[in-house]
Amino acid sequence: MLEDTRRMARAAFVGGPDKEKAVELIRKLDVMVDTEQESLKKDFRLRHACKPGCDHCCYRIVMPSGPEVQAIAEFVEEKFSEDEKKALFERVDEYEKETAPFRDGCAYVMRSKCPFLIDRQCSIYEVRPFVCRSANAQTANTCKEYKEGPYMGKKIDLDPPYVGLAVAAAQGISASAQEVNLNPGFFELGPAVKAILEKRYTFEDLMTKPNLFPPMLDRVPPTEFPIIENKANGYARSHPQLLQFRELALKGELEQAKAQLTIDTEPAKFSMMRLPYAFRSEEHITETWEKWDADLTRLMESDYDPIETFNAIAAHETFAIAYMGRSVKELMAKHGQFLHNGVAKRALPHLCEPITTKRKPGKIRVGYISENIRNSNGARWALGWIANHSDDIESYVFNVGLGPDLVSLKFKLVADHYYHIMGGVDLAAQFIKDLDLDLLIFPDIGMTSRPFQFGALRLARYQATAWGHPVTCGLDTMDFYLSSDLMEPEDAQNEYTEKLIRLPGSGLYYEKWPIEPSRKTLADFGLNHKVHFMGQTLLKWLPRHDHLFAKIYEATKCPVVIAGPNFESQRKIWHERLGALGTPYVLLPRLPMHEFNRLLSLSECSFDPLEWSGGNSTIEALDVGVPVVTLPGKWMRGRHSLAFLKQANAEGLIAKDEDDFVDLIANEDRRREAMKHMDVRAVYEDKKVPEALNDFIRSLVE
């Protein structure tokens with residue numbers, strides 16, 4: 001659905017905003033979503049409590065896209081009489097009066113009647129927005145609780161596939177609009193439709209002019225700080241070669257990008273340290289590791305400008321270091337000391353000083369900062385922590401990435417304070433430090449560059465990182481690593497420069513997420529045999545373990561199916577590695593997420609790389625009854641599946657050695673026996689985790 005929507009929306013948006021094309025697009029998508037949802041009801045025997053007269057979900061903010069607004073306005077123009085339109089406008093005016101007190105950041109507690117609701121019935125039901133088409137519940141009780149009080153942890157028991165179809169339609173329109181430089185945003189339903197009908201705004205205005213309406217919580221504009229020249233503003237100076245480097249690197253043409261970079265600036269030095277996302281051999285890994293270490297040493301020993309270097313961190317990444325199958329503590333400690341002592345302390349000394357003043361009175365203040373406050377494995381998981389802080393803890397979320405998505409909106413909903421921060425890092429960091437946070441958590445420092453700039457500073461009394469990027473960050477400013485008791489080996493502290501905090505179980509409060517359904521068959525994927533699926537990021541699978549693919553083929557007599565890499569340059573390396581084995585294999589193209597999940601559900605089993613196991617995908621596989629075979633590694637990053645399998649009572653899928661690993665993959669009877677008493681529900685919403693986290697946070701203040 002997502003890809004279909006994006007294709008249709010791109011066609012509609014070609015040539016700019018076109019009202020007729022937009023309305024036609026929405027009409028087609030309405031039919032597609034309704035048809036698919038009805039099929040789901042039959043296929044999965046969904047029984048919803050939703051029925052005419054049940055209006056509990058009609059007391060919330062509804063934010064359709066611009067094309068949806070135009071299509072609904074056209075419907076009202078055609079179907080409503082003049083008296084009905086007048087009455088609608090009066091209801092919109094009343095809605096705006098009722099919601100006015102909530103526009104200062106408290107919209108999540110707002111429960112105002114939708115202007116299109118008449119006698120507990122939707123007057124635009126056949127053209128209702130996609131967000132309304134996602135509404136469903138197995139019981140009306142939770143919906144009633146939602147309507148009668150603020151959303152503070154209350155949940156409606158939704159059917160994820162049903163929701164996923166409507167969400168995909170909304171996301172597809174937004175993404176396609178952004179691709180052609182149109183407004184990808186969403187608008188309040190009643191006020192936006194009224195403005196179109198009163199001819200105050202046109203469809204072109206909706207799609208080209210930002211901030212047409214007063215912002216609600218879900219569309220609070222970014223907090224922007226000026227970028228002051230010649231200061232540690234966090235932004236590297238652009239250069240045509242750097243722009244070309246970035247473009248080639250994003251396409252996976254890293255070697256070509258480096259060959260064309262001839263300037264010798266701080267951003268160029270960091271860019272030249274960029275790491276590949278596919279390795280030809282163990283020797284290639286060793287060469288890459290040693291060269292990166294040598295480049296870091298040269299940079300540390302050079303006559304660098306600390307301000308220019310701080311800004312150049314925006315072009316720097318360490319992501320692939322963790323994927324080389326080595327202990328990273330020593331190298332990351334060297335790197336972290338350079339960023340903090342060599343760069344940040346000299347560029348922004350006042351922001352590196354510990355906070356020694358008496359804390360401000362009031363609740364315990366805990367912040368979360370990431371460039372991935374969106375639908376990303378890096379930080380999405382942190383929602384469970386934030387939503388379950390106790391009443392004595394006040395939460396702050398700092399999104400230092402680009403534009404928001406639907407997951408960003410959920411962060412806004414569950415946090416006490418949400419800031420989308422853009423602009424100068426120096427001024428933004430000062431803003432955060434002035435909040436006098438007791439603890440600032442970096443969920444995934446190391447995934448991207450920006451958190452290193454903030455992380456190299458001292459912005460809270462205590463600072464911590466966590467499992468979004470499951471290795472030490474090496475920074476002296478990071479006091480704790482918040483991890484999992486089940487995932488960490490006994491001697492795990494030896495791998496961290498931070499103090500290791502073992503939260504119970506997996507360390508996660510994991511919620512189910514809507515997954516867009518797919519009906520593809522194995523034949524649709526070009527497969528005509530049983531699938532033993534290695535669906536993890538290929539960077540996780542090290543060359544030293546390639547021989548296992550051949551052993552798995554010998555044991556199963558089926559080619560191993562492997563999730564494809566992003567770029568042709570990476571595919572070429574993988575074809576070379578797999579071709580050298582002399583056994584059949586299937587290297588898939590890059591799959592959209594809904595197709596990946598479908599193939600996962602059709603597989604005989606999923607199996608992990610040995611040094612870095614699955615995380616979210618392990619839970620998703622177990623949830624649809626697909627066994628996940630794992631051989632735990634030496635470090636936490638190779639033990640995610642181990643934790644989830646132990647929680648779900650499926651320890652029989654944990655192999656003892658390589659031979660046992662291959663046998664489990666091939667032996668259907670062993671896998672079935674291991675899954676016999678599995679209870680995947682134990683993986684979700686582990687209340688012990690937030691309780692332990694809250695206790696730990698209190699101990700810092702006490």
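The analysis underlying the following values was restricted to heavy atoms, covering all of them including side chains, and did not include hydrogens, waters or symmetry mates.
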Would you mind reporting whether F319 and H469 have side-chain heavy atoms less than 4.5 Å apart?
yes

Determine yes or no for a side-chain-to-main-chain donor-acceptor pair under 3.5 angstrom, with Y201 supplying the side chain and L212 the backbone.
yes

Would you say the side chain of F411 lies within less than 4.5 Å of the side chain of N399, judging by non-hydrogen atoms?
no

Is it the case that the side chain of D205 and the backbone of T202 share a donor-acceptor pair, with hydrogens and angles ignored and the cut-off at 3.5 Å?
yes

Beyond-backbone contact of L242 with L261, side-chain heavy atoms, under 4.5 angstrom:
yes

Within a strict 4.5 Å, meaning less than it, do heavy atoms of the Q70 and M207 side chains meet?
no

Looking only at atom types and distance, does a side-chain atom of N183 sit under 3.5 Å from a main-chain N or O of L206, one as donor and one as acceptor?
yes

Is there a side-chain contact between L588 and V561, using heavy atoms and a 4.5 Å cut-off?
yes

Determine the minimum heavy-atom distance between L538 and G564, stating which atoms define it.
CD1-C, 4.4 Å

Tell me whether the rings of W612 and H640 are parallel (<30°), tilted (30 to 60°) or perpendicular (>60°).
perpendicular

If only atom types and distance count, is the side chain of N233 paired as donor or acceptor with the main-chain N or O of V425 below 3.5 Å?
no

Treating R246 as the side-chain partner and A315 as the backbone partner, does any N or O pair qualify as donor plus acceptor under 3.5 Å?
no

For A166, is there any backbone N or O sitting under 3.5 Å from a side-chain donor or acceptor partner on S134?
no

P184 backbone acceptor or donor facing S174 side chain under 3.5 Å:
yes

Aromatic centroids of F279 and Y323 separated by under 6.0 Å:
no

Heavy-atom check, side chain of R27 versus side chain of E74, under 4.5 Å
yes

Check ion pair D623-K512 (N to O, under 4.0 angstrom)
yes

Stepwise side-chain contact (heavy atoms from CB on, under 4.5 Å) test for V400 and Q453
CA-CA 11 Å; V400 295; Q453 290 177 317; over 6 Å; no

A169 to V33 - nearest heavy-atom pair and separation
CB-CG2, 4.0 Å

Test your reading of the model: is there a side-chain donor-acceptor pair from Q37 to the backbone of R133, 3.5 Å cut-off?
yes

Aromatic contact between F80 and F89, with the criterion being ring centroids under 6.0 Å apart: yes or no?
no

State the CG-OG1 distance between L29 and T5, to the nearest 0.5 angstrom.
5.0 Å

Begin from the C-alpha positions of H575 and R571 and carry the test side-chain contact (heavy atoms from CB on, under 4.5 Å) through to its verdict.
CA-CA 6 Å; H575 278 304; R571 292 183 65 82; 3.9 Å; yes

Is it possible for you to check whether R450 lies under 6.0 Å from the centre of the six-membered ring of Y235, through NZ or CZ, and within 45° of that ring's axis?
yes

What is the ring orientation for F213 with F187, classed by angle as parallel under 30°, tilted 30 to 60°, or perpendicular over 60°?
perpendicular

Looking at side-chain heavy atoms only, is the closest gap between R274 and E317 below 4.5 Å?
yes

Backbone N or O of P592 within a donor-acceptor pair of the E595 side chain at under 3.5 Å?
no

Are K19 and E77 within salt-bridge range, i.e. N to O under 4.0 Å?
no

What's the shortest heavy-atom distance between P267 and A312, and which atoms?
N-CB, 3.5 Å

Between the OG atom in S617 and the CG atom in L622, the distance rounded to the nearest 0.5 Å is 9.5 Å

Can the positive tip of R577 be found less than 6.0 Å from the middle of the six-membered ring of W574, inside 45° of the ring normal?
yes

Using 30° and 60° as the class limits, which term best fits the ring planes of Y684 and Y510: parallel, tilted or perpendicular?
tilted

Salt bridge or not between E568 and K572? Use side-chain N to carboxylate O under 4.0 Å.
no

Quick one: are I373 and H420 in side-chain contact, heavy atoms under 4.5 Å?
no

Evaluate the criterion side-chain contact (heavy atoms from CB on, under 4.5 Å) for residue pair V531 and F525; output intermediate values, then yes/no.
CA-CA 11 Å; V531 173; F525 288 104; over 6 Å; no

For the side chain of Q570 and the backbone of Y277, is there at least one donor-acceptor N/O pair under 3.5 Å apart?
no

